[in-house]
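Scroll down for the structure; my scribbles are underneath it.
Since the model is a prediction, treat every value here as computed from it, not as a measurement. When a residue number appears, it is its place in the shown sequence, counting from 1. The basis for the numbers below is simple: all heavy atoms, side chains too, and nothing from hydrogens, waters or symmetry mates.
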Amino acid sequence: MADKFAVIGLGHFGYAVARNLAARGAEVLAIDRDIERVESIKDDVAYAVALDATDIKALSSQNVADMDAVLVAIGENIEGLLLTTVQLLELNVKRIIARAMADQQRLILEKLGVKEILSPEDEVGKLVAEKLLNPNMKAFLPLPDNYSIVEIQAPRRIVNKKVGQVRFADNYALDLITIKRVYEEYHDGRKLFAEHLINRPTEDIAIEQSDVLIVLGKSNDVEKFVELNR
């Protein structure tokens, strides 16, 4: 049975989330008070409805309490964001995820009891800053206590070295989780290039120039590893 989600607010962020959820097989209810936004997404999701989400009767009529989660993606309208969130709490929605565009909004949402609060602009800002400062970094997932899971293009100095020679843990305080490697494959007589994971890389595996390393460690240790091996 498909997961069921409601996305309230179809600006750029909410629209993108709703479409991606639907593309991955979820049953999505997209809600916005703007009929044009609703019309623009109706062919991409299971249900698209134009209504005022601050109206508890209107929300209840869409059975939002039966959803696995509801994302409140209302952007500039802080009153609409907070009133919609309050109505969802009144309807005992099991999982509410709210978007906060400022620290004040986050604080109020926390006081209301919302456990999951997103700040996508901040996350994108961090990602862009990391990529500008460290071009070798392909992607990163920030974790508590200043840890991150980071995808790194194999630095020049460790290419052709074996994992055991690099000694990620001893020399850099990093855990090598996996390696993404490009392989040549043949399908129907055609040569293709496909990316696969080397799970739990053993010490005798040599690092290739095109490899992407996925490591876990503190952010400053990741930066030091990249800098020392440029």
Side-chain angles (χ1 to χ4, degrees), residues 1-132 138-143 149 151:
M1 186 175 178
D3 292 325
K4 297 169 66 176
F5 300 103
V7 176
I8 301 175
L10 299 175
H12 292 302
F13 176 64
Y15 183 88
V17 173
R19 287 194 66 197
N20 278 282
L21 284 171
R24 296 186 61 177
E27 184 179 310
V28 178
L29 166 63
I31 296 173
D32 198 285
R33 66 197 309 170
D34 186 329
I35 187 65
E36 290 185 4
R37 291 180 177 180
V38 171
E39 286 291 321
S40 71
I41 202 172
K42 68 179 183 179
D43 293 331
D44 298 313
V45 298
Y47 309 100
V49 180
L51 59 80
D52 180 0
T54 66
D55 182 341
I56 193 168
K57 289 184 178 179
L59 273 183
S60 181
S61 71
Q62 300 302 316
N63 299 315
V64 292
D66 297 332
M67 298 292 169
D68 294 300
V70 177
L71 169 65
V72 186
I74 298 170
E76 301 292 341
N77 182 358
I78 185 171
E79 182 180 355
L81 165 69
L82 298 177
L83 282 175
T84 297
T85 303
V86 168
Q87 306 297 30
L88 294 172
L89 290 166
E90 285 290 318
L91 291 170
N92 295 314
V93 171
K94 65 185 79 170
R95 185 182 177 198
I96 301 170
I97 305 165
R99 176 194 188 183
M101 295 186 67
D103 290 340
Q104 181 187 35
Q105 293 180 16
R106 175 178 286 273
L107 179 62
I108 297 171
L109 288 166
E110 288 174 348
K111 294 293 185 184
L112 288 174
V114 179
K115 305 297 183 187
E116 296 181 73
I117 303 171
L118 301 177
S119 300
E121 290 81 6
D122 288 345
E123 296 304 318
V124 171
K126 290 176 186 176
L127 178 59
V128 171
E130 285 291 344
K131 287 193 171 187
L132 288 172
K138 301 297 182 183
F140 79 106
L141 172 66
L143 298 171
I149 295 175
E151 291 189 7

Item to check | L59, L91, L88 screened by side-chain contact (heavy atoms from CB on, under 4.5 Å) with V70, the one that passes | outcome: L88

Checklist entry - Which pairs count as salt bridge (Lys or Arg N to Asp or Glu O under 4.0 Å) when at least one residue sits in residues 92-101, sequence neighbours excluded? => result R95-E116, R99-E121

Next on the checklist: Just verifying a value: how many Å separate D44 CG and Y15 OH, rounded to the nearest 0.5 Å?
Outcome noted: 5.0 Å

Checklist entry - Nearest heavy-atom pair of A18 and V45: which atoms, and what distance? => result O-CG1, 4.0 Å

Checklist outcome for this item: Heavy-atom closest pair (A22 atom, V28 atom, distance to 0.1 Å) is N-CG2, 3.7 Å

Item to check | Distance in Å, I78 CD1 paired with M101 CE, rounded so as to fall on 0.5 Å steps | outcome: 10.5 Å

Checklist entry - Judged by atom type as modelled, is there a donor-acceptor pair below 3.5 Å linking the side chain of D68 to the main-chain atoms of K4? => result yes

Next on the checklist: Nearest 0.5 angstrom please: E39 CD to D34 CG, how far?
Outcome noted: 10.5 Å

Checklist outcome for this item: When rounded to the nearest 0.5 Å, the distance separating CG of L109 from CD of Q104 is 10.5 Å

Checklist entry - Any side-chain heavy atom of I31 sitting closer than 4.5 Å to one from Y47? => result no

Checklist entry - If you take all heavy atoms of A48 and I41, which pair is closest and at what distance? => result CB-CG2, 4.1 Å

Checklist outcome for this item: Correct closest heavy-atom pair for G14 and A73 would be CA-CB, 3.8 Å

Next on the checklist: If you define the side chain from C-beta out and look only at heavy atoms, does anything of F13 sit under 4.5 Å from L118?
Outcome noted: yes

Next on the checklist: When you measure from the side chain of E90 to the backbone of V86, do you find a donor-acceptor pair of N or O atoms at a distance under 3.5 Å?
Outcome noted: no

Checklist entry - Hey, does R33 have a side-chain heavy atom less than 4.5 Å from the side chain of N77? => result yes

Checklist entry - In Å and rounded to the nearest 0.5 Å, what is the CG to NZ distance from L82 to K111? => result 14.0 Å

Checklist entry - For R37, does its backbone N or O pair with a side-chain atom of S40 as donor and acceptor, under 3.5 Å? => result yes

Next on the checklist: Suppose we screen for salt bridge (charged side-chain N to carboxylate O under 4.0 Å, His left out). Which residues come up paired with R106, at least two apart in sequence or across chains?
Outcome noted: none

Item to check | Shortest non-hydrogen contact from I8 toward A53 | outcome: CG2-CB, 3.5 Å

Next on the checklist: Using the side-chain contact (heavy atoms from CB on, under 4.5 Å) criterion, which residues pair with V49? Sequence neighbours excluded.
Outcome noted: L29, L51, Q62

Checklist entry - Any side-chain heavy atom of L71 within less than 4.5 Å of one from L21? => result no

Next on the checklist: Counting C-beta onward and ignoring hydrogens, is there a side-chain heavy-atom pair between L81 and T85 closer than 4.5 Å?
Outcome noted: yes

Next on the checklist: Quick one: does any side-chain atom of Q87 pair with a main-chain N or O of T54 as donor and acceptor, under 3.5 Å?
Outcome noted: yes

Next on the checklist: Has T84 got a side-chain atom pairing as donor or acceptor with G80's backbone, closer than 3.5 angstrom?
Outcome noted: yes

Checklist outcome for this item: CD1 of I35 to NZ of K42, rounded to nearest 0.5 Å, is 8.0 Å

Next on the checklist: For a quick test of reading the model, state the closest non-hydrogen atom pair linking V17 to V7 and the distance between them.
Outcome noted: CG1-CG2, 4.5 Å

